[in-house]
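The structure under discussion appears below in the form of structure tokens.
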Amino acid sequence: MKHLIDIKDLSVEEISNLIEVAKDIINHKEKYSHKCDGKKLATLFFEPSTRTRLSFEAAMLELGGSVIGFSDSSSSSTSKGETVSDTIRVVGGYADIIAMRHPKEGAPLVASMKSIVPIINAGDGGHNHPTQTLTDLLTIECEKGRLNNLTIGLCGDLKFGRTVHSLITAMSRYQGIKFVLISPEELKIPDYIKKEVLEKNNMQWCETKDIEEKLGSLDILYMTRVQKERFFNEADYVRLKDYYILNKEKLEKAKQDLCIMHPLPRVNEISTDVDDDKRACYFKQAEYGKYIRMALILKLLEVK
Ligand code: NCD
């Protein structure tokens, strides 16, 4: 049985197969509408979510399966003191596959050790978010036509932003990738990502505070929200939350075929005047999330 806890649980070849299946789903939706008849997905969300949970649920419904779960841990027995391990053991008797999001880093890994059905990490604290990364890879492949030879700017909260950690890990396995890491001093990428991913793989990367400095060289600009819920101190959040605001005027310096991404939700970091720009890909990106999750469910349930 296979789980998806970290993006490295999938080989580059497996990712490329998932992308191919997702593209086939986009083009031939009817072929897939009964693939998961009789199967159930449980979505256990101990933290807020819109896109991740709903795209998982829409994915399973479009495959012909059904969905159970909770979107607020206060309505689950967690509020009575039940452990994640016990919850997972029980839900494995009700569902064929589980997508879970938890504020504690490593909680999905612990769950996977106790689970009798596949576990998908739908975000664990400020750590990882592998299915957002699969979404991002499908978006990049569809919008740029390749996953290699790209200069990728990641901007905003690189410290707490789990989507950034998983995306850097994933992209470090492709050729010709350069990262431009754009953040305020306090929200720089964690040292463990620098050492274990960037340095270990001899990646080309640089850090800057200035979003405009390297904007003209980017193929992809991945904006992120400052992760309010991970701050210990409200004053720090307030000081940093509007550090970057991408707008039409700044984009004049960018390439015509730049792909602007954002895992969403957006707060202020992309001005709405960018939404009509042909380079804005973030709403399309959210839609790609459903198709790649369909492909992932098929893979983990070993549906042919
Ligand atoms: C992201 C997350 O939950 O980490 N959202 C998502 O899954 N699309 C990004 C965020 O919350 O800022």
Side-chain angles (χ1 to χ4, degrees), residues 4-7 22 41 43-59 69-73 98-109 119-140 152-170 181-184 186-187 189-190 193 220-231 236-237 240-246 259-270 280-294 296-297:
L4 177 60
I5 305 302
D6 186 297
I7 193 66
L41 163 77
T43 50
L44 309 186
F45 277 61
F46 298 86
E47 249 194 2
S49 169
T50 299
R51 269 149 296 273
T52 306
R53 185 174 60 83
L54 294 182
S55 66
F56 261 117
E57 296 188 355
F70 54 79
S71 55
D72 179 357
S73 62
I98 298 173
M100 87 175 257
R101 168 171 288 189
H102 203 282
K104 274 208 189 110
E105 312 196 341
L109 176 65
I119 298 285
I120 301 170
N121 176 6
D124 63 326
H127 191 213
N128 282 326
H129 195 346
T131 65
Q132 180 63 47
T133 297
L134 291 175
T135 302
D136 300 340
L137 297 179
L138 176 63
T139 307
I140 296 170
I152 306 173
L154 297 125
C155 176
D157 187 346
L158 309 188
K159 179 178 180 190
F160 297 117
R162 56 193 173 195
T163 64
V164 167
H165 306 158
S166 292
L167 184 57
I168 291 178
T169 305
L181 306 177
I182 310 156
S183 73
E186 296 92 329
L187 298 178
I189 200 89
I193 301 273
I220 291 167
L221 174 58
Y222 194 95
M223 297 296 295
T224 62
R225 163 181 80 89
V226 175
Q227 306 280 296
K228 181 179 184 190
E229 63 276 39
R230 316 256 178 252
F231 276 74
D236 286 343
Y237 170 70
L240 293 167
K241 72 183 173 65
D242 293 329
Y243 202 97
Y244 300 109
I245 300 179
L246 183 68
C259 174
I260 306 165
M261 298 172 65
H262 191 310
L264 303 177
R266 148 176 70 182
V267 186
N268 280 329
E269 56 282 352
I270 303 180
C281 293
Y282 29 94
F283 291 115
K284 256 192 266 178
Q285 185 184 354
E287 193 180 338
Y288 286 128
K290 180 179 71 180
Y291 299 116
I292 201 76
R293 288 182 174 102
M294 288 171 81
L296 179 67
I297 291 170

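Numbering of ligands and ligand atoms starts at 1, following listing order. This structure is a prediction, so every number in the text was calculated from the model and none was measured.
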key: Donor + acceptor pair across side chains of Arg101, His129 (<3.5 Å)   = yes

query = Aromatic rings Phe46 and His102: how do their planes relate, parallel, tilted or perpendicular, breaks at 30° and 60°?
reply = tilted

query = Below 4.0 angstrom, N of the basic side chain to O of the carboxylate: do Arg162 and Glu229 qualify?
reply = no

query = Using a threshold of 4.0 angstrom between heavy atoms of the protein and any atom of ligand 1, which residues qualify?
reply = Thr52, Arg101, His129, Gln132, Arg162, Thr163, Arg225, Gln227, Pro263, Leu264, Pro265

request  = Give the minimum heavy-atom separation between Gly69 and Leu44, together with the two atoms involved.
outcome  = CA-CD2, 4.4 Å

query = Out of Lys241, Gln227, Lys228, which one pairs with Asp157 under the side chain to side chain contact (heavy atoms under 4.5 Å, CB included) rule?
reply = Gln227

key: Side-chain donor or acceptor of Asp124 paired with backbone N/O of Gly106 under 3.5 Å   = yes

